[in-house]
Q: 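Following this message is one structure expressed as structure tokens.
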Amino acid sequence: MQIHYDTGKSQLLVLLEGEIDHHSSVMLRAEIDAALYAHMPRTLILDFHQVTFMDSSGIGLIMGRYKILQPLGGEIILQKPSPYISRVLRLAGMERLAQITNSASPEEVAS
Amino acid sequence: MQIHYDTGKSQLLVLLEGEIDHHSSVMLRAEIDAALYAHMPRTLILDFHQVTFMDSSGIGLIMGRYKILQPLGGEIILQKPSPYISRVLRLAGMERLAQITNSASPEEVAS
Amino acid sequence: MKITNEFKCTFPAVSTNESLARAALSAFLIPADPTAQELADLRTVISEAVTNAIVHGYRNCSGEVAICLRMLPDRILYIRVSDKGCGIPDIEQAMTPLYTTAPEEERAGLGFAIMQEFTDSLYVRSSAGNGTTLTMRRRLGQIHAEQED
Amino acid sequence: MKITNEFKCTFPAVSTNESLARAALSAFLIPADPTAQELADLRTVISEAVTNAIVHGYRNCSGEVAICLRMLPDRILYIRVSDKGCGIPDIEQAMTPLYTTAPEEERAGLGFAIMQEFTDSLYVRSSAGNGTTLTMRRRLGQIHAEQED
Ligand SMILES: Nc1ncnc2c1ncn2[C@@H]1O[C@H](COP(=O)(O)OP(=O)(O)O)[C@@H](O)[C@H]1O
Ligand SMILES: Nc1ncnc2c1ncn2[C@@H]1O[C@H](COP(=O)(O)OP(=O)(O)O)[C@@H](O)[C@H]1O
């Protein structure tokens with residue numbers, strides 16, 4: 001996993017990798033939250049491009065970060081999920097909490 | 001698996017693929033022998049480049065073909081095995097029955 | 001009913017074995033030539049069931065999870081996952097989407113919803129103190145025309 | 001001895017399950033971060049043992065193969081493969097390289113030789129009519145310095 005922070009945009013980009021399950025989500029949560037509390041970004045982008053598997057533990061991970069950001073007016077973008085991961089995201093109604101986009105950067109979608 | 005026959009050289013080239021175990025060797029044996037009896041080549045080249053696994057069933061497969069060709073003066077070349085497959089070939093003493101080569105064609109080795 | 005193939009396994013209720021369960025499911029299913037979608041769905045299903053046994057059944061304490069996979073005629077995959085953990089007092093409530101007894105672990109309460117969505121049938125047998133057994137079935141689509149590579 | 005992780009499974013003695021056994025071994029071993037050589041060796045070992053149970057133990061008739069994998073302290077992998085087949089009348093003879101009772105099936109008689117070469121210890125328990133149990137151990141090398149990708 002890689003984490004990049006863009007000060008100008010107040011944007012935290014998290015490049016997730018591999019399989020997101022109950023086992024791996026514990027570690028992911030700790031790493032993401034460390035960066036989240038360090039920067040308190042306006043936007044958290046979770047990139048799923050390199051994610052090969054995700055079950056409802058990943059939904060819990062997204063919902064947990066939403067609960068941190070939402071009271072502060074922050075937003076979450078879920079970027080480039082595979083068709084299988086999109087299926088789980090939609091089933092969980094994640095489009096109500098977050099913007100789901102297939103492009104590399106949210107600007108591309110907005111334009 | 002692909003099988004190519006070179007009439008000029010009386011050479012049968014068998015491009016093996018995937019995992020060679022007891023299960024797959026039954027089918028491989030049937031296909032190789034069909035070509036072997038059709039052409040009765042002087043040289044049988046078994047190419048291991050695309051073989052990802054082989055246990056002693058593969059050794060049985062080589063020995064069985066050797067028993068067909070050897071009385072007729074034919075020879076076997078085992079071509080491009082991975083380090084793991086070389087290990088099994090050596091353990092089984094296959095260099096006593098066949099030429100083991102790492103190059104694409106036996107000519108390259110001879111030169 | 002005639003069983004075409006059956007794979008049974010047990011392993012300790014530790015979270016590293018969630019991926020082991022998925023790998024076993026994949027290896028069992030591959031010879032039946034499932035679609036990528038079917039494989040992804042069923043890997044998710046087994047992952048949810050095994051995670052529930054570990055997180056809820058045994059509450060992250062030691063215990064054993066058992067899986068039975070069967071290929072039944074007509075390409076029906078049968079999956080059974082059981083634990084000898086605490087059991088589920090109210091199954092209907094447990095199956096309600098978003099209901100979870102472990103919010104502090106960031107469980108989403110969607111495990112059952114996903115298992116139901118990705119299978120054709122789901123049956124839960126559980127009694128407080130005696131553990132939980134999930135039985136699921138999913139019929140695989142017909143095999144497509146063979147492709148030469 | 002303390003067991004760090006244990007995976008037990010059973011499946012019918014049919015040749016398609018030889019690859020299932022290898023996949024289970026891989027999935028069990030991967031978290032211990034084996035070298036590619038260790039993984040290849042141990043996949044070969046389990047394949048030989050399971051094939052013997054199918055080909056010789058049950059003589060290609062129906063029966064059940066059982067595997068138990070354990071990770072013991074000091075990175076020692078324990079592998080047990082058992083069948084309830086015909087058993088081995090003379091174990092010493094059976095372990096002689098190139099000895100095989102199934103030459104018509106093109107068995108090379110090298111299964112035991114490979115299992116011995118690729119493990120640190122191999123123990124065979126068998127009695128005619130009661131089946132065969134192989135117990136093997138292989139110590140994995142120490143984990144190398146972690147690499148970031
Ligand atoms: N194997 C089990 N043993 C005991 N309780 C369980 C088990 N599986 C599920 N439950 C109960 O059902 C609830 C809902 O499960 P689920 O829909 O999978 O969501 P989640 O796992 O996110 O909590 C759990 O929170 C738990 O209370
Ligand atoms: N599980 C088993 N049950 C009965 N006989 C066995 C079993 N495993 C091995 N044998 C006997 O030992 C012989 C040697 O086995 P092995 O070295 O693996 O060579 P191969 O499998 O090629 O015959 C077999 O031919 C068979 O007679």
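By convention in this document, chain letters (A, B, ...) are assigned in the order of the sequence lines, proteins followed by strands, and residues within each chain are numbered from 1.
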Q: Non-hydrogen atoms of chain A under 4.5 Å away: do they reach the side chain of C:Val55, the backbone, both or neither?
A: side chain
Q: What residue, out of C:Val45, C:Val50, C:Ile54, C:Leu110, has the most heavy-atom pairs lying under 4.5 Å from chain A?
A: C:Leu110
Q: Is it the backbone or the side chain of C:Asn17 that comes under 4.5 Å from a heavy atom of chain A, or both, or neither?
A: neither
Q: For C:Thr16, which atoms come within 4.5 Å of any heavy atom of chain A: side chain, backbone, both, or neither?
A: both
Q: Examine whether an atom of A:Leu91 lies under 4.5 Å from a heavy atom of chain C, and if so say whether it belongs to the side chain, the backbone or both; otherwise answer neither.
A: side chain
Q: Ignoring hydrogens and angles, state whether a donor on the side chain of C:Arg107 or A:Ser57 is under 3.5 Å from an acceptor on the partner side chain.
A: yes
Q: Would you say the side chains of A:Glu19 and A:Ser24 form a donor-acceptor pair under 3.5 Å?
A: no
Q: Looking at C:Glu106 and A:Arg65, does any basic side-chain N land under 4.0 Å from a carboxylate oxygen?
A: yes
Q: Given A:Gln79, which of A:Asn102, A:Thr101, A:Asp47 fulfils the side-chain hydrogen bond (donor to acceptor under 3.5 Å, both in side chains) condition?
A: A:Asp47
Q: Assign the ring pair C:Phe28 / C:Phe7 to parallel, tilted or perpendicular, where the plane angle (0 to 90°) is split at 30° and 60°.
A: tilted
Q: Please classify the contact between C:Thr100 and chain A as side chain, backbone, both or neither, with a heavy-atom cut-off of under 4.5 Å.
A: neither
